Amino acid sequence: MNELDYQKIGQKIRAARLEKGWSQDKLSEKCNISLSFMGHIERGTRIMSMDTFVALCNELEISADYLLWDIIRPSDPILLNILNGVKTKDAATYSHYVQIIKAIAEIMSAG
């Protein structure tokens, strides 16, 4: 079984929060946790309860699979819409889109 990387999980939570334009304070209020604990979660220095984890996933509109294992489910609406639009094209075009998405993900994770 793979070991959870709490620091990476925290980084993804922080990135999703910033993408929404929210402060740590706003997200902590939405999830009913302290600002201090929110900071610990984002740094990966404390482990959250399942209730907090679910609240974060719901408020940030991100999947648990993505936070835990970097798996984006095909049911994620934005990705699904993009891929469905491209599926009507030829196989080479679809392959190019997948390569572009992977390249963007690599660039974003390096930053």
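Fair warning: this is a prediction, and the values are worked out from it, not measured in the lab.
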Next item on the list: For residues 35-49, pull every pair meeting salt bridge (Lys or Arg N to Asp or Glu O under 4.0 Å), keeping only residues two or more places apart or in separate chains.
Entry: Arg17-Glu42
Could you pull out every donor-acceptor pair under 3.5 Å between side chains of residues 48-61 and any protein atom, sequence neighbours left out?
from, atom 1, to, atom 2, distance (Å)
Ser49, OG, Asp51, N, 3.4
Ser49, OG, Thr52, N, 3.1
Ser49, OG, Thr52, OG1, 3.2
Asn58, ND2, Val54, O, 3.4
Glu61, OE1, Lys20, NZ, 2.8

Next item on the list: Taking side-chain hydrogen bond (donor to acceptor under 3.5 Å, both in side chains) as the test, write out the residues that go with Ser23, two or more places apart.
Entry: none
For residues 25-39, run the donor-acceptor check on the side chains, cut-off 3.5 Å, and write out each pair with its distance to 0.1 Å, sequence neighbours left out.
from, atom 1, to, atom 2, distance (Å)
Ser28, OG, Gln24, O, 3.1
Ser28, OG, Asp25, O, 2.8
Ser34, OG, Phe37, N, 3.0

Enumerate, atom names and distances included, each donor-acceptor pair closer than 3.5 Å involving a side-chain atom of residues 6-16, sequence neighbours excluded.
from, atom 1, to, atom 2, distance (Å)
Lys12, NZ, Tyr66, O, 2.9
Lys12, NZ, Leu67, O, 3.1
Lys12, NZ, Asp70, OD1, 2.5

